[in-house]
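All values below come from the heavy atoms of this structure, side chains included, with hydrogens, waters and symmetry mates left out. The first residue in the sequence is number 1, and the count goes up from there.
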Amino acid sequence: MTTQSQPNEASPAAQAEAARQAILKGLDGRHIVLVGLMGAGKTAMGRVIASRLGLPFVDSDDEIETASTMAIADLFESYGESEFRDLERRVIARLLGEQQRVVSLGGGAFINDETRAAIGAGGFSIWIDADLDLLFARVSRKPGRPLLQNPDPRGTLARLMDERYPIYAQADLRVCSEDLPRDAMAAKMIEAMAGHFSETKESTYEPE
């Protein structure tokens, strides 16, 4: 009795390259734009994802600080949130007009209608969805966030979730954040992106 040999499965490196190619093809030159509340892991995930896809990475808050020569907290204190949001909108519009890359946005950026429309035109948005306990544990390790400088930072974070999550839900893809090592969470996001573009390709296929 003979047994039929099974085809060899692709190596992890080959699988990673296939996912990378699928994502880049699906993006078709668009930016990957990461959105979500403070503490969701946008910057950390953005750096890893950019490295794995071979794309540059930029954090919009870093670009705002460079453009203004001021720290985000100082901008809030000196000019107020309204002026900060206007500068944020202009900086993001510039970034979206430049080379393809992975862009991490500040928590309030995607709420702006004009910014959201610009991302829809030139980017692929991913909402990193995290629950309150995980977010608060993370932001508590990094004090100084302007919106949390009050007697009830956890309550403020909960309010921001109520206000912003319905808008974040308009992103092209939602990935639930977990308390995982950075590389494992990045792998989950890449898998989700590859799966999204594979499903999109299948749904738009028309037989000849």
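Of the N and O atoms on the side chains of Arg116 and Gln170, at least one donor lies less than 3.5 Å from an acceptor on the other residue.
Between the His31 side chain and the Val102 main chain, no donor and acceptor come within less than 3.5 Å of each other. For Arg85 (side chain) and Ser82 (main-chain N/O), no donor-acceptor pair under 3.5 Å exists by modelled atom type.
Contact check for Glu114 versus Arg89: side-chain heavy atoms found under the 4.5 Å cut-off. Contact of the His196 side chain with the Phe124 side chain is registered, since non-hydrogen atoms from C-beta on lie closer than 4.5 Å. Residues Met189 and Ile128 are in side-chain contact: their nearest non-hydrogen atoms beyond the backbone lie under 4.5 Å apart.
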Q. Where do Asp183 and Arg52 land on the salt bridge (Lys or Arg N to Asp or Glu O under 4.0 Å) test, with the steps shown first?
A. CA-CA 10 Å; Asp183 285 350; Arg52 293 191 180 185; 3.7 Å; yes

Q. Please walk me through it: do Lys188 and Glu191 pass salt bridge (Lys or Arg N to Asp or Glu O under 4.0 Å)?
A. CA-CA 5 Å; Lys188 176 182 175 179; Glu191 182 180 1; over 6 Å; no

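Two different hydrophobic clusters hold Tyr168 and Leu134 under the rule that ILVMFWY side chains link at heavy-atom gaps under 4.5 Å. One hydrophobic cluster, built from ILVMFWY side chains closer than 4.5 Å, cannot hold both Val48 and Leu24; they sit in different ones.
In this structure, the ring of Tyr165 has its center less than 6.0 angstrom from the ring center of Trp127.
No more than 12 heavy-atom neighbours from other residues, nucleotides or ligands sit within 6.0 angstrom of CD on Glu77. Counting heavy-atom neighbours within 6.0 Å of Glu98 CD, excluding the residue itself, gives a total above 12.
Cation-pi contact between Arg47 and Phe57: absent, since separation from the ring centre below 6.0 Å together with deviation from the ring axis within 45° is not met.
Shown here for Ser125 and Ala171, the closest heavy-atom pair between the two residues is OG-CA, 3.3 Å.
Shown here are the salt bridge (Lys or Arg N to Asp or Glu O under 4.0 Å) partners of Glu63, two or more places apart in sequence or in another chain: Arg94. In terms of the salt bridge (Lys or Arg N to Asp or Glu O under 4.0 Å) criterion, Arg182 has no residue partners (sequence neighbours excluded).
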Could you list the donor-acceptor pairs under 3.5 angstrom formed by side chains in residues 33-46, with sequence neighbours left out?
from, atom 1, to, atom 2, distance (Å)
Lys42, NZ, Gly36, O, 3.0
Lys42, NZ, Leu37, O, 3.1
Thr43, OG1, Asp59, OD2, 2.4
Thr43, OG1, Ser104, OG, 3.3

